[in-house]
Novice: 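Attaching a single structure in structure tokens format; questions to follow.
Computed from a predicted structure; not experimentally measured. Heavy atoms only: backbone and side chains are in, while hydrogens, waters and symmetry mates are out. When a ligand or atom number is given, it counts from 1 through the structure's own listing order.
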Amino acid sequence: MDPVLPAQRRPREKAAATTGAGRCLPSKMSSGRRPPPARVRVAVRLRPFVDRTEGARDTPCVRGLNSCSLEIANWRNQQETLKYQFDAFYGEGSSQQDIYGGSVQPILRHLLEGQNASVLAYGPTGAGKTHTMLGSPEQPGVIPRALMDLLQLTREEGAEGRPWALSVTMSYLEIYQEKVLDLLEPASGDLVIREDCRGNILIPGLTQKPITSFAEFERHFLPASRNRTVGATRLNQRSSRSHAVLLVKVDQRERFAPFRQREGKLYLIDLAGSEDNRRTGNKGLRLKESGAINTSLFVLGKVVDALNQGFPRVPYRDSKLTRLLQDSLGGSAHSILIANIAPERRFYLDTVTALNFAARSKEVINRPFTNESLQAPVLGPVKLSQKELLGPPEAKRAREPEEEEAETPDPPEAPASGSQSLSLLQKLSNMDPAVLERLVNLDRLLGSQGSKGASLLNTPKRERMVLMKTVEEKDLEIKRLKMKQKELETKVLAQEAVDPKDKENISPKMLRPLSCRTTTETEPLKKAVVIPLQLLQKQAASPHTEVHILKKRGRKRKLEHQDASKPEEKLEEVWEPEISPELLALGRQKILELLNKGSARDLRSLQRIGQKKAQLIVGWRELHGPFSQVEDLERVEGISGKQMESFLKANILSLAAGQRSCPS
Ligand code: ADP
Ligand code: MG
């Protein structure tokens with residue numbers, strides 16, 4: 001071992017120990033430079049198949065790639081593997097010496113420099129933690145090897161004539177359900193963890209045994225381990241549910257002035273199984289144990305992560321385990337985490353969990369692991385999507401339609417898009433124009449608010465233009481229909497104006513559009529008759545039209561005066577129909593024909609002619625021969641001149657227009 005210079009043998013700085021952020025200088029560095037933040041090195045050890053039962057020795061679910069990386073089948077996709085990168089990877093053929101020599105032995109010398117170190121075996125139960133840490137007489141693990149070497153080192157370094165006198169002590173404790181138990185003195189009960197003024201972590205009352213030889217170590221360690229083994233038998237595999245912590249302290253005292261003192265601590269830890277205890281359906285005590293294990297391992301993961309990522313805060317205090325390791329993880333300490341994994345497929349999920357815990361980096365590799373490596377027993381509880389169940393070609397086929405739909409924007413000229421927009425247009429053109437207009441307005445509004453590509457109708461620009469045109473056309477049609485309605489209303493008014501008293505003769509069909517009107521019978525005649533110009537022109541052009549132009553006329557009328565002896569004549573403004581002479585002549589001729597040739601029944605079809613008047617007309621005709629003119633009707637007994645006038649007014653126009661057909 002390299003001789004250590006006095007200048008480098010400075011006591012550890014408190015700040016570094018308390019924050020664990022790596023502020024102390026490592027022994028090999030000059031005092032003028034800051035050390036890089038200490039990180040936890042991670043090694044993975046894959047144990048060989050140990051299950052001797054038939055069928056268990058089939059394809060492994062994990063395999064090494066080189067001395068630093070491995071790959072494992074990806075349960076999400078059979079065609080992929082997950083590749084993990086570590087500081088070191090030890091395959092199933094690796095020996096105990098490979099692990100010890102490669103990852104543990106190099107850190108031991110730092111203990112003699114007054115620095116701390118820790119070795120932690122992590123992984124699911126049955127993956128080889130105890131084998132790695134303790135091993136067997138035939139294959140001794142990290143603990144016996146480290147103790148042997150350390151004792152050898154201290155003997156050499158502390159030999160007579162050397163500047164430093166060295167002594168080694170050991171403590172052995174167990175953290176079970178967040179209690180610190182002394183395995184060398186089991187009666188001690190739960191011990192407290194404290195921090196001294198220099199930031200060193202200590203456990204007052206914890207047994208420390210001086211050891212000068214490996215035999216002495218074994219003398220203390222083996223019965224304590226049996227304590228744990230006895231406990232495990234009694235408490236149902238308690239050993240896999242507690243953290244076993246062996247603490248080896250190396251004390252150094254300078255033999256000459258200035259008589260400095262140094263202490264280096266080595267933690268060798270066989271952690272509780274990292275398997276997910278929720279999957280085992282634990283209840284009661286087991287569940288409580290699981291909670292404690294999960295908590296401390298979870299916090300350990302966070303601490304390792306914080307140290308390796310260089311986070312300012314490291315959550316040491318969140319569990320007993322990490323609190324105990326506060327001055328031995330991070331800072332100037334040298335730490336190695338050995339993740340133990342098993343090749344059997346029944347370990348698959350726990351292996352993935354352990355690897356994710358330990359991984360510094362991970363990447364997905366596009367290649368199948370082995371066809372047999374992913375089978376139902378492992379994947380049983382996991383719900384796989386259709387994509388995951390299908391291989392890549394099938395999966396691609398399965399997802400192609402939706403992906404293509406999502407990824408390819410619809411070109412407006414594409415046939416599919418074209419037919420879609422056509423059907424959309426057809427649907428829209430059948431819509432109520434008002435609704436359509438609202439939709440388009442809303443769409444326009446959304447577009448103006450910048451919702452790109454998410455317009456209400458989600459139609460391309462070209463399509464929207466067509467829609468706008470449709471709406472405009474509908475608008476024009478509505479206006480045209482409104483005009484026509486007005487014209488019809490005017491026609492009806494004009495019809496009424498011919499004879500207000502004959503209003504009942506207007507067919508209900510004609511009255512309907514005016515039903516909402518509130519005007520009186522006479523007032524509209526004076527005020528509401530506004531005939532459009534084109535209608536006037538039409539009327540002028542066609543003498544056979546049934547609609548008549550009204551003319552304002554002054555007419556003298558006798559008015560009642562207070563003095564009845566002096567009746568007063570006054571000019572009164574009245575509206576009268578002005579009917580074209582041709583139309584009048586036509587109407588008169590038709591009435592005359594009906595009067596001379598029509599039966600009583602035919603005559604009854606005329607306005608103002610009832611059963612009695614019809615019989616009177618027929619009787620008069622039989623006596624006096626045919627009527628020579630329509631005014632002869634006045635000569636019929638029972639029909640006055642006034643009635644004759646009224647009769648003519650009521651019938652002359654309708655007959656002229658052919659609405660009342662003459663009897664054949
Ligand atoms: P853990 O402590 O993680 O629960 P163990 O160390 O008890 O697991 O190992 C489980 C079994 O596997 C033991 O029988 C052990 O001897 C065996 N084993 C573990 N690792 C190895 C290895 N590298 N080579 C051979 N056998 C191993
Ligand atoms: Mg074990």
Novice: Any salt bridge between Arg260 and Glu254, counting N to O under 4.0 Å?
Specialist: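 Salt bridge: yes.
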Novice: Got a sec: is Thr125 within less than 2.8 Å of the Mg ion (ligand 2) via an N/O/S atom?
Specialist: no
Novice: Tell me whether Arg162 is salt-bridged to Glu157, with the criterion being a basic N under 4.0 Å from an acidic carboxylate O.
Specialist: yes
Novice: Closer than 4.0 angstrom, basic N to acidic O: yes or no for Glu344 and Arg47?
Specialist: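 Yes, Glu344 and Arg47 are salt-bridged.
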Novice: Is the Phe89 to Phe86 ring centre distance short of 6.0 Å?
Specialist: no
Novice: Any salt bridge between Arg323 and Glu195, counting N to O under 4.0 Å?
Specialist: yes
Novice: Please list, by chain and number, the protein residues whose heavy atoms come under 4.0 Å of ligand 1.
Specialist: Arg45, Arg47, Pro48, Val50, Pro124, Thr125, Gly126, Ala127, Gly128, Lys129, Thr130, His131
Novice: Charged N to carboxylate O below 4.0 Å: is that the case for Asp149 and Arg109?
Specialist: no
